[in-house]
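Structure record follows, encoded as structure tokens.
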Amino acid sequence: MRMSKMFSQTLREAPSAADCKGYEFLLRAGFIRQMGAGIFSLLPLGYKSTAKIEGIIREEMDSLDGQEILMPLVNPADIWKETGRYYSIDKEMSRFNDRRGSDMVLAMTHEEDATSLGRTEINSYKKLPQLIYQIQTKWRDDARPRAGLIRVREFTMKDSYSFDRDQAGLDEQYKKHYASYFRIFSKAGLPVIVVGADSGMMGGKVSHEYMYLSPIGEDTIMTCEHCGYTANKQVAKFQKKYYKEEAKVIEKIATPDCKTIVDLCNLLNIETHQCAKAVFMMATFINDKSGEEEEKLVVAQIRGDLDIEENKLQNILKANSIRPAHEEEIRAAGIVPGFGSAIGCSDKAIIIVDDSVAKSNNLVAGANEEGYHLLNTNFKVDYTGKVADIASAKNGYTCSVCNHELKVSKGVEVGNIFQLGTRYSEAMNCYFTDIDGKSKPVVMGSYGIGVGRLLATLAEEYNDERGLSLPISVAPYQVHFLSLMKDKEIGEKIYTDLMAAGIEVLYDDRKESAGVKFADADLIGLPIRITLGNKSYIEGSAEVKLRSNLDETFNYSLDTLVDDVKKEVKKLQDEITNNIVHKELEI
RNA sequence: CGGAAUGUCGCCUAGUGGCUAUGGCGCUUGCUUUGGGAGCAAGAUAUCGGAGGUUCGAGUCCUCUCAUUCCGACCA
């Protein structure tokens with residue numbers, strides 16, 4: 001490609017919206033342009049990189065016997081009503097009516113489509129297992145797009161869907177994806193860790209997320225360096241301390257103006273772990289069949305030294321959403337905010353008790369009476385409720401596996417794998433006849449990789465103060481060839497020779513000063529740079545530099561330039577191949 | 001969806017009620033230059049996001065609206 005003909009231009013100054021380095025350079029180098037909030041165009045350079053990423057993904061999916069298909073972006077709402085997600089997903093899914101007035105949606109993922117295809121194509125165990133995948137546009141009307149391609153509304157995603165006879169089959173396809181994703185990310189050059197995850201709206205059981213660790217990330221991840229335990233904070237387990245003692249008799253005491261745990265501890269001269277804190281939430285339950293909504297008050301009882309992890313609570317409740325309750329809603333159940341507890345309200349609210357409370361004794365809790373608390377409250381004696389882990393993991397907490405310290409980090413989710421089980425096949429009647437003649441629901445899995453997000457994280461990982469420096473596997477071209485000579489013919493010949501040798505070249509043939517050409521080459525950051533100038537030409541050579549190390553210069557003889565560059569390309573590619581991560585899931 | 005901020009040429013930016021709206025980058029033309037974002041000269045490009053209002057006078061003040069960004073809620 002000749003730079004004189006290239007559609008995009010580089011920007012000397014960063015547009016003000018660029019809030020992180022990777023985004024700034026993708027804009028300045030001319031990879032992407034914004035159209036609206038969370039809506040981007042890929043320019044030629046960005047599209048080339050994206051195509052390379054997709055190539056890596058295709059190669060891997062094909063190696064898992066995946067078959068590429070393409071499902072529609074616009075879906076009739078009917079299939080989404082079948083699974084209930086038409087009702088349970090809020091404004092994030094965009095809906096509209098077609099000219100006949102039919103309900104339509106823009107697909108934000110394709111479980112419904114895939115299951116719909118599955119039920120028409122798969123009728124016998126003989127057709128299983130299957131794996132289909134697509135690389136396709138998704139639309140999610142996210143309330144808060146940010147950080148360039150990191151969090152967008154319209155994006156390209158590779159999503160695959162597995163179909164199996166049974167759990168064992170699913171386990172196998174799941175494991176294959178688990179290992180394959182490590183290969184994909186390492187081929188692209190992105191360091192990732194895998195974490196145990198919440199399955200969120202997918203509604204499955206087992207799931208993992210692939211995280212690129214970075215301060216720009218929005219997900220919070222707990223890791224244990226000692227044993228390797230990693231989990232999304234939303235589901236992270238940790239080892240709690242329990243304070244077991246002889247149960248004493250409950251006693252009411254006056255605690256005027258003590259509305260917080262800290263006030264209470266100061267007044268009574270006790271530790272926070274000797275209190276039981278009540279957190280009041282409103283949970284929304286949506287009926288999958290009718291779409292009817294119901295709100296219920298939830299009292300979450302947790303020990304005073306811990307905080308509620310709302311995500312864990314929502315999962316225990318199997319609620320569609322939860323939010324903090326308003327004061328009037330709390331009072332309506334006869335509970336006094338500031339002096340509230342689960343005691344005496346089992347008929348008015350759902351009570352969830354963290355095991356920290358269930359396994360401790362003689363905790364101080366609210367008396368549900370203005371200005372009073374209760375000493376020595378004990379679970380099961382004074383109140384009951386469902387016991388679960390609803391506590392939020394924090395930095396420095398103890399790992400539940402090995403008792404070492406957990407560390408908190410930020411990450412960007414670039415991929416995920418879910419075991420869906422029969423959630424979708426049962427809801428959508430995707431059944432097959434097994435060898436025993438019985439009709440059984442297909443066991444499914446779904447697996448996603450955000451293509452644009454992967455480009456964004458790569459740009460974040462591979463940059464310096466001058467610009468991008470993408471690995472050769474995902475860079476838009478392998479070689480940037482700068483001719484600084486007045487004589488155009490020599491440059492043209494080298495360009496033509498490089499192209500003929502199958503090397504991907506961006507040729508800077510513009511009438512620009514050397515400084516401009518160097519600055520743009522730094523910005524776009526192609527892995528190998530060839531510079532042809534008068535000085536080196538007289539010596540019969542050209543200069544070669546690697547973008548990853550601009551301080552070092554090699555002089556390549558013009559006679560053997562093409563072959564030498566070809567070797568250099570091969571060398572860089574081999575480095576990536578040699579560093580492919582092989583990691584298996586142990587279940 | 002709550003809170004905040006910002007909209008001036010393709011990008012960055014000046015502007016604090018008063019003449020024909022700054023400057024830089026980029027763009028066009030010519031000459032010079034050609035190893036790190038060149039120099040000289042001449043040009044073009046802005047209904048100051050939109051609508052309404054206050055005022056003798058509005059880019060500037062007010063109201064509404066649209067858009068974008070940030071913080072939070074949310075998020076595969």
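Reminder, nothing fancy here: chain letters follow the sequence lines and each chain counts from 1.
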Next on the checklist: For A:Lys410, give me all partners under side chain to side chain contact (heavy atoms under 4.5 Å, CB included), at least two apart in sequence or on another chain.
Outcome noted: A:Thr220
Item to check | Note: A:Asp509-A:Lys5 ion pair, threshold 4.0 Å (strictly below) | outcome: no
Item to check | Opposite nucleotide pairing with B:A4, Watson-Crick or G-U, both atom distances under 3.5 Å | outcome: B:U69
Checklist entry - How far does the C1' atom of B:A46 sit from the matching atom of B:U13, given to the nearest Å? => result 14 Å
Next on the checklist: How many whole angstroms separate atom CG of A:Asp551 from atom P of B:G36?
Outcome noted: 16 Å
Next on the checklist: Quick check for you: among B:G35, B:C27, B:C74, whose closest atom lies nearest to any side-chain atom of A:Glu512?
Outcome noted: B:C27
Checklist outcome for this item: In whole angstroms, the gap separating P of B:G35 from OH of A:Tyr537 amounts to 17 Å
Checklist entry - So, A:Asp497 and A:Tyr495: side-chain donor and acceptor under 3.5 Å apart, yes or no? => result no
Checklist outcome for this item: Residues pairing under salt bridge (charged side-chain N to carboxylate O under 4.0 Å, His left out) where one sits in residues 533-551 of chain A, two or more places apart or in two chains, turn out to be A:Asp464-A:Arg547
Checklist outcome for this item: Ranking B:C11, B:U69, B:G35 by distance to the side chain of A:Asp19, first place goes to B:U69
Next on the checklist: Is it the case that the side chain of A:Ser94 and the backbone of A:Leu106 share a donor-acceptor pair, with hydrogens and angles ignored and the cut-off at 3.5 Å?
Outcome noted: no
Checklist entry - For B:C74, which nucleotide in any strand shown is its Watson-Crick or wobble partner with both distances under 3.5 Å? => result none
Item to check | Rounded distance in Å - CG (A:Asp142) to C1' (B:A73) | outcome: 12 Å
Item to check | Distance, C1' atom - from B:A44 to B:C62, rounded to whole angstrom | outcome: 37 Å
Checklist entry - Say you pick atom C1' in B:G15 and the same atom in B:U69; how far apart are they, in whole Å? => result 22 Å
Checklist entry - Using the P atom in both, what is the distance from B:U63 to B:G3, to the nearest Å? => result 16 Å
Checklist entry - With a 4.0 Å cut-off on heavy atoms, is A:Gly448 in touch with a base, just the backbone sugar-phosphate, or nothing at all? => result nothing
Checklist entry - Does anything in residues 30-45 of chain A reach RNA chain B, meaning a heavy atom under 4.0 Å, and if so which residues? => result A:Gln34, A:Gly36, A:Ala37
Checklist entry - Just how far, in rounded Å, is P of B:C75 from CZ of A:Arg146? => result 16 Å
Item to check | B:C70 and B:U47, which share atom name C1', separated by this distance in whole Å | outcome: 30 Å
Item to check | Separation of B:C75 P from A:Arg453 CZ (nearest whole Å) | outcome: 13 Å
Checklist entry - Base, sugar-phosphate, or nothing: which does A:Gln9 touch, judged by heavy atoms less than 4.0 Å apart? => result sugar-phosphate
Checklist entry - What residues, two or more places apart in sequence or in another chain, satisfy side-chain hydrogen bond (donor to acceptor under 3.5 Å, both in side chains) together with A:Asp142? => result A:Arg151
Next on the checklist: If I pick the P atom on B:C31 and the same atom on B:G36, what distance separates them, to the nearest angstrom?
Outcome noted: 24 Å
Next on the checklist: Using heavy-atom distances to pick each residue's nearest nucleotide on RNA chain B, tell me which of A:Lys545 and A:Arg151 is more 5'.
Outcome noted: A:Lys545
Item to check | P atoms of B:G17 and B:U60, separation to the nearest Å | outcome: 12 Å
Checklist entry - What pairs of residues pass the salt bridge (charged side-chain N to carboxylate O under 4.0 Å, His left out) test when at least one of them lies in residues 20-38 of chain A, not counting sequence neighbours? => result A:Lys21-A:Glu24, A:Glu24-A:Arg28
Checklist entry - In whole angstroms, how far is the C1' atom of B:U13 from the CD atom of A:Glu13? => result 8 Å
Checklist entry - In terms of side-chain heavy atoms of A:Asp522, which of B:G36, B:C74, B:G35 is nearest? => result B:G36
Item to check | side-chain hydrogen bond (donor to acceptor under 3.5 Å, both in side chains) against A:Thr457, all qualifying residues, sequence neighbours excluded | outcome: none
Item to check | A:Glu413-A:Asn232 side chain donor-acceptor pair, cut-off 3.5 Å | outcome: no
Next on the checklist: Between the side chains of A:Glu111 and A:Arg85, is the shortest nitrogen-to-carboxylate-oxygen separation below 4.0 Å, so that they form an ion pair?
Outcome noted: yes
Checklist entry - Does B:A14 pair with anything, Watson-Crick or G-U wobble, both distances under 3.5 Å, and if so, with which nucleotide? => result none
Item to check | Listed partners of A:Glu154 passing side-chain hydrogen bond (donor to acceptor under 3.5 Å, both in side chains), at least two apart | outcome: none
Checklist outcome for this item: Checking B:C74, B:C12, B:C70 against the side chain of A:Glu218 (C-beta onward), the nearest is B:C74
Checklist outcome for this item: By nearest-nucleotide position on RNA chain B, the 5'-leaning member of A:Leu550 and A:Gly148 is A:Leu550
Checklist entry - What is the pairing partner of B:A44, taking Watson-Crick or G-U wobble pairs with both distances under 3.5 Å in any strand? => result none
Checklist entry - Rounded to whole angstroms, how far apart are CZ on A:Arg144 and C1' on B:U68? => result 12 Å
Item to check | Separation of B:C11 C1' from A:Tyr23 OH (nearest whole Å) | outcome: 13 Å
Next on the checklist: Taking any heavy-atom pair under 4.0 Å as a contact, classify A:Lys91: base, sugar-phosphate, or nothing.
Outcome noted: sugar-phosphate
Checklist entry - Checking all strands, does A:Ser16 fall into the base, sugar-phosphate, or nothing category for heavy-atom contacts under 4.0 angstrom? => result sugar-phosphate
Checklist entry - Touch check for A:Tyr210, heavy atoms < 4.0 angstrom, all strands: base, sugar-phosphate only, or nothing? => result nothing
For nucleotides 37-39 of chain B, which of its nitrogen or oxygen atoms have a protein nitrogen or oxygen under 3.5 Å away, and what is each distance?
from	atom 1	to	atom 2	distance (Å)
B:G37	O2'	A:Arg12	NH1	2.3
B:G37	O2'	A:Arg12	NH2	3.3
B:G37	O6	A:Arg28	NH2	3.0
B:G37	N1	A:Asp520	OD1	3.4
B:G37	N2	A:Asp520	OD1	2.9
B:A38	OP2	A:Ser513	OG	2.9

Checklist entry - When the C1' atoms of B:C9 and B:U65 are considered, how many whole Å apart are they? => result 24 Å
Checklist entry - Does any nucleotide pair with B:U34 by Watson-Crick or G-U wobble geometry, both distances under 3.5 Å, and what is it? => result none
Next on the checklist: I'd like to check the side-chain hydrogen bond (donor to acceptor under 3.5 Å, both in side chains) partners of A:Lys158; sequence neighbours left out, ordered by chain and number.
Outcome noted: A:Ser160, A:Tyr181
